[in-house]
Amino acid sequence: MKSHFSVLVPAYNCVSWVQSNLGSIIRQKYDNYQLIYIDDASTDGTAAKAKELLQNSNIDYKLFENSFNKGKANNLHHYINSLRDDTIVVVVDGDDWLANDHVLNFLDSQYSDDTWMTCGSYITTDTKSIVHPTTTEDYWSGNIRNKSWQFSHLGTFRKKLFSKIKRKDFLDKSGNYFSTTSDQAMMWPMAEMAGPAHFKPLREALYVYNRSNPISDDRAHRRDQLQTEASIRSRKPYQRLENL
């Protein structure tokens, strides 16, 4: 039986890449997935462009338009927890896209065993280089938050695993959702709970990471990004789970 996937696209002011982003998802040669597109109060016509493309497609989708900007961490926490329990979540940022039309088929084959989450390899648009995860056996000894970040695009995980993350671990010291670095806020806890037995690093390049967006966090909000990363790394690790 094929896995069910929920492809979540958090998007803000990325109208220039809506075609590449949604086109790569609509073209998937897979028939058991839903797209959830979240426009975070864009001001450049992102939502209108997405709506036009989706209305002319034949995929199962939901499009949400926020009345004010909530931030990626808030959106992911809310919308992922609203999904069906048996789904596998695939997060594709609104200015990035999937590398080919067989990504979901490939992921389905990777979740055929007791896999709870994966991280993958991605292609950068500027250098065309491929970045691979390098989680050796030694990586999992001790506190992995003290080690190099290895849980990047394409990040996928079972919704049941995500739901075990405490809401407070998406919040800063003021009680607000993190404004940057949401990937680390969710992937560190899930990796700790899954451990090497239920985590799978993928060498196949499944994702294209767009380096041309001038408002990406690592360009526009680098200081905040580094401060948030330090806060997330300093938090208490999650205990490894035996089962979901």
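Positions are given from 1 along the sequence.
A heavy-atom distance below 4.5 Å is found between the side chains of Arg158 and Leu244. In this structure, the side chains of Tyr139 and Ile144 come closer than 4.5 Å at one or more pairs of heavy atoms. In this structure the side chain of Asn75 reaches within 4.5 angstrom of the side chain of Asn66, judged on heavy atoms. You'll find the side chain of Thr134 reaches within 4.5 Å of the side chain of Gln150, heavy atoms only.
Within the structure, salt bridge (Lys or Arg N to Asp or Glu O under 4.0 Å) contacts touching residues 171-197 (residues at least two apart or in different chains) are Lys72-Asp183, Arg145-Glu192. Each ring-ring contact (aromatic ring centres under 6.0 Å, His included) pair with one or both residues in residues 5-26, not counting sequence neighbours, appears once here: Phe5-Tyr30.
Checked by atom type and distance alone, the side chain of Thr115 pairs as donor or acceptor with a backbone atom of Gln110 at under 3.5 Å. In terms of modelled atom types and a separation under 3.5 Å, the side chain of Asn81 and the main chain of His77 share a donor-acceptor contact. Distance alone, capped at 3.5 Å, is enough to place a donor-acceptor pair between the Ser121 side chain and the Leu202 backbone. Between the Asn56 side chain and the Glu52 main chain, a donor and an acceptor come within less than 3.5 Å of each other.
Under the 4.5 Å side-chain heavy-atom criterion for grouping Ile, Leu, Val, Met, Phe, Trp and Tyr, Met117 is connected to Val89 within one hydrophobic cluster.
In this structure Asn243 satisfies the side chain to side chain contact (heavy atoms under 4.5 Å, CB included) test with no other residue, sequence neighbours excluded.
For Phe64 and Tyr37, the distance between ring centers is not under 6.0 angstrom. Note: Phe199 and Trp140 meet the aromatic proximity criterion, with ring centroids under 6.0 Å apart. Here the two rings, on His4 and Tyr33, have centers that are 6.0 Å apart or farther.
A salt bridge is absent between Asp101 and Arg27: the closest approach of a Lys/Arg side-chain nitrogen to an acidic carboxylate oxygen does not fall below 4.0 angstrom. Contact check on Lys159 versus Asp86 returns no salt bridge, with no Lys/Arg side-chain nitrogen under 4.0 Å from an Asp/Glu carboxylate oxygen.
Between the side chains of Asp126 and Ser212, not a single donor N or O lies within less than 3.5 Å of an accepting N or O. For the residue pair Thr46 and Asp39, no side-chain donor N or O sits within less than 3.5 Å of a side-chain acceptor on the partner. For the 3.5 Å distance criterion, the side chains of Ser6 and Tyr79 fail to qualify, holding no donor opposite an acceptor. Judged by distance alone, the side chains of Ser141 and Asp138 never bring a donor and an acceptor atom under 3.5 Å apart. For the 3.5 Å distance criterion, the side chains of Thr127 and Thr124 qualify, holding a donor opposite an acceptor.
The aromatic rings of Tyr207 and His153 lie parallel to each other, their planes meeting at an angle below 30°, with 60° marking the opposite boundary.
Judged by a 6.0 Å distance limit and a 45° cone about the ring axis, Lys160 is not positioned over the six-membered ring of Phe162. Note that Lys166 lies in the cation-pi zone of Tyr238, set by a 6.0 Å cut-off to the ring centre and a 45° limit from the axis.
Partner of Leu8 under the side-chain contact (heavy atoms from CB on, under 4.5 Å) criterion, out of Leu83, Asp93, Val90: Leu83 alone. Checked options Asn74, Asp40, Asn13; the residue passing with Asn69 is Asp40 (criterion: side-chain hydrogen bond (donor to acceptor under 3.5 Å, both in side chains)).
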Inset, instruction - Apply side chain to side chain contact (heavy atoms under 4.5 Å, CB included) to Asp113 and Lys200, showing your working. - result: CA-CA 11 Å; Asp113 52 16; Lys200 190 175 292 184; 3.2 Å; yes
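Note that CG of Asp224 and CG of Leu226 are 9.0 Å apart. Values are rounded to the nearest 0.5 Å.
Here the closest non-hydrogen pair linking Val208 and Ala99 is CG2-CA, 4.0 Å.
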